[in-house]
Amino acid sequence: MTHTDSRTMRHVLRREIAGTIGLLTDEHDFRAMRHYRSFTFDDHATYLRQVEELLKTRARHGSHTTVALFDPQEYADYCATEGLDPDDPANRTRFTARIATTGPTIPYDGQPLTDLVPALVDEAVRQATWEYAATLLARLGTCATCGEDIGRAAIGRAAFTRASALVSRILDTAPPGDRHLVVSVTGTPETLVAVLHADTETDGGTRFDEAEALEFTTVLALGLTTRGPGGLVMRTTAPDTPDRIYGWRLRGDGLDPLTAGEVFDAYCTDIESGELIAPESGVDYCVPPDLGQEAQEGGDDPTGHHH
């Protein structure tokens, strides 16, 4: 009886343990791991099927599993830094536990792996975009207008504060519905694009993912600070009404509204060929709401720096 009780208690405890699986999402990464003798999989498709079966089994037993993106090069660098043998499965487990707290992850909720893998890759791209934009923002220490050195921290805080205010104002003035915002900045060494989904709740509030909002605001802050070419567009979808699309160009450290014609041209022109494409039905390409003083260039500077 005592032995049975012990097994039952261990089974209950097993359900209380959260797990993380480091996933090799593409064939290139899979081939890199095959260099290790302790990694015994021969085929990427078979590997993915086995991972999915394991995820389903854990879910059936009530165990929560997080799927993390496993990068073989980061793993090799980690082992080199820590003086660990990369061909030891225990060290792969240790690395997976580490990236569960620092890297991109997706909780497994029973979704097919064909849905989970793209979501995990998107999460990795989003995190990399935020880290890159935040790094560039932290390196800026001079005012883009007058060139005065006012401190890196001050520049970054001021830009982020201003970008946050603009995002709040854009959402406050938007019509009710599900909002899809895209900001792009092309004046940095690499073109950066960030997306924010913000939905109107039944009580009139706005629901969005905080990590998405952080990345979006950071990219916008970088664009405002560097004063490089960029833009911000939003699409609002609501029942029984046409979708509304409008936007702004980044100008100085503010936003300049696009005309309805400019929005139409942007959405109805093929990026590669430059040829016109048919507009979507049930869509209004329109002028954005007035953001008031928040959208104007300059204004009060949180750094105390004035021109």
Side-chain angles (χ1 to χ4, degrees), residues 10-135 190 192-195 197 209-215 218:
R10 284 198 299 271
H11 179 72
V12 171
L13 285 173
R14 193 176 296 116
R15 292 183 304 184
E16 302 294 323
I17 300 174
T20 302
I21 293 177
L23 183 65
L24 299 162
T25 58
D26 61 51
E27 187 74 36
H28 178 269
D29 288 347
F30 180 82
R31 287 198 303 269
M33 291 303 296
R34 289 197 62 205
H35 295 158
Y36 302 119
R37 287 179 299 176
S38 60
F39 187 80
T40 57
F41 288 97
D42 297 322
D43 177 73
H44 188 229
T46 301
Y47 161 81
L48 291 177
R49 285 197 300 270
Q50 292 297 323
V51 169
E52 186 162 28
E53 283 303 314
L54 176 60
L55 290 170
K56 290 178 179 178
T57 299
R58 287 180 55 82
R60 282 196 299 268
H61 289 87
S63 298
H64 173 79
T65 309
T66 297
V67 182
L69 187 68
F70 194 102
D71 186 309
Q73 185 57 55
E74 288 185 7
Y75 172 63
D77 294 342
Y78 165 78
C79 289
T81 301
E82 300 294 326
L84 302 173
D85 177 10
D87 209 358
D88 185 342
N91 292 330
R92 288 200 291 274
T93 303
R94 186 177 302 173
F95 176 72
T96 299
R98 178 176 177 269
I99 60 177
T101 61
T102 61
T105 60
I106 293 288
Y108 177 70
D109 297 320
Q111 67 271 50
L113 213 60
T114 51
D115 294 337
L116 188 148
V117 168
L120 182 58
V121 173
D122 286 346
E123 179 66 20
V125 171
R126 188 175 75 179
Q127 182 168 319
T129 299
W130 172 74
E131 291 175 350
Y132 181 66
T135 298
E190 295 183 21
L192 297 180
V193 178
V195 176
H197 300 87
D209 182 89
E210 292 186 4
E212 263 193 5
L214 176 61
E215 180 210 352
T218 303

**Q** Which heavy atom in Tyr78 sits nearest to a heavy atom in Arg98, and how many Å separate them?
**A** CE1-CD, 3.5 Å
**Q** May I ask you to say whether Arg49 pairs ionically with Glu52, meaning some side-chain N is under 4.0 Å from a carboxylate O?
**A**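 Salt bridge: no.
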**Q** What are the two closest heavy atoms between Pro86 and Cys79, and how far apart are they?
**A** CA-SG, 3.7 Å
**Q** Could you state the interatomic distance from CG (Leu54) to CD1 (Ile21), rounded to the nearest 0.5 Å?
**A** 4.0 Å
**Q** Quick check against the 3.5 Å criterion: does Ser38 have a side-chain atom that pairs as donor or acceptor with the backbone of Asp87?
**A** yes
**Q** Would you name the heavy atoms of Glu215 and Val193 that are closest together and state the gap between them?
**A**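 Heavy-atom minimum between the residues: OE2-O, 3.7 Å.
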**Q** Starting from the C-alpha separation in whole Å, work towards a yes-or-no answer on side chain to side chain contact (heavy atoms under 4.5 Å, CB included) for Val121 and Asp26.
**A** CA-CA 10 Å; Val121 173; Asp26 61 51; over 6 Å; no
**Q** Does Gln111 offer a backbone N or O that forms a donor-acceptor pair with the side chain of Asp109 under 3.5 Å?
**A**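 Judged by distance alone, no pair lies under 3.5 Å.
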**Q** Could you grab the distance from atom CG of Asp209 to atom CZ of Arg126, nearest 0.5 Å is fine?
**A**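 Nearest 0.5 Å value for the CG-CZ distance: 4.5 Å.
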**Q** Please identify which of these residues, Leu55, Thr20, Leu113, meets the side-chain contact (heavy atoms from CB on, under 4.5 Å) condition with Val67.
**A** Leu55
**Q** Please report the shortest heavy-atom distance between Leu69 and Ile99, naming the atom on each side.
**A**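 Smallest heavy-atom distance, with atoms named: O-CD1, 3.4 Å.
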**Q** So among Leu23, Asp29, Thr96, which one has a side-chain contact (heavy atoms from CB on, under 4.5 Å) with Phe70?
**A** Thr96
**Q** Checking side-chain polar atoms at under 3.5 Å, does Glu123 have a donor or acceptor matched by the opposite partner on Gln127?
**A** no
**Q** How many angstroms lie between CD in Gln73 and NE2 in His28, if you round to the nearest 0.5 Å?
**A**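 The NE2 atom of His28 is 9.5 Å from CD of Gln73, to the nearest 0.5 Å.
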**Q** Between Glu82 and Asn91, is there a side-chain heavy-atom distance shorter than 4.5 Å?
**A**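 When only atoms from C-beta onward are counted, Glu82 and Asn91 do not touch, as no gap falls below 4.5 Å.
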**Q** Classify the ring geometry between Tyr36 and Tyr75 as parallel (under 30°), tilted (30 to 60°) or perpendicular (over 60°).
**A**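 Aromatic pair Tyr36/Tyr75 classed perpendicular.
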**Q** Restricting to ring-ring contact (aromatic ring centres under 6.0 Å, His included), what partner residues turn up for Tyr47, sequence neighbours left out?
**A**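 For Tyr47, the residues satisfying ring-ring contact (aromatic ring centres under 6.0 Å, His included) (neighbours in sequence not counted) are Phe30, Phe41, His44.
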**Q** Atom CG in Leu120, atom OG1 in Thr105: separation rounded to 0.5 Å?
**A**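 Here the rounded value is 8.0 Å.
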**Q** Do you know the tightest heavy-atom contact between Leu214 and Thr218?
**A**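 Scanning both residues, the minimum pair turns out to be O-OG1, 2.7 Å.
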**Q** Mind checking the CG-CD spacing from Leu48 to Glu27? Nearest 0.5 Å is all I need.
**A**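 Going from CG on Leu48 over to CD on Glu27, the span is 9.0 Å.
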**Q** Within the 4.5 Å heavy-atom criterion, are Asp42 and Arg34 side-chain neighbours or not?
**A** yes
**Q** Taking only residues two or more places apart in sequence or in another chain, which ones pass salt bridge (Lys or Arg N to Asp or Glu O under 4.0 Å) with Asp85?
**A** none
**Q** When Leu116 is tested against each of Ile106, Val51, Thr25 for side-chain contact (heavy atoms from CB on, under 4.5 Å), which residue passes?
**A**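 Only one option passes, and that is Ile106.
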